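Following: one structure in structure tokens, then a few remarks.
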Amino acid sequence: VTLKGQLIDKAGTMSGGGKRVRKGGMLLSGQKSRLGGGGSGMPIADVSMPKEETEKLEQSIIKSSQELKLTREEKKELKSCQAKLEKQVENKQNELEKKTLMVQS
């Protein structure tokens, strides 16, 4: 943004700030850059997992997703019950106060 309020780069990318180009700044410490063929700049995925293990992981994800869904539904039901019980407690406290006042008078 300029001093006049105009946007220089609409994409929102940063520009300037040095004379040397640095690449690979998003790598984890100790990780080496391995660029794929074709000059695309895309890292090579070093994934060699047996199909059985992949299927096992997929099933685990499905099971965990189902458990999460059930847990969320249970949480929703419990919150509803909690609200009802809190209302009942409030009503009982009001009744108790009324009966206490009646006994005192």
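Quick caveat, the model's predicted, so the values are computed rather than measured.
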Quick one: which residue pairs count as a side chain to side chain donor-acceptor pair (under 3.5 Å) with a foot in residues 57-79, not counting sequence neighbours? none
Among Gln104, Met102, Glu97, which one satisfies side chain to side chain contact (heavy atoms under 4.5 Å, CB included) with Thr100? Gln104
Got a sec, which residues hit side chain to side chain contact (heavy atoms under 4.5 Å, CB included) with [X], two or more places apart in sequence or on another chain?
{"X": "Gln82", "answer": "Glu86"}
{"X": "Lys87", "answer": "Glu90, Asn91"}
{"X": "Glu52", "answer": "none"}
{"X": "Ser80", "answer": "Lys84"}

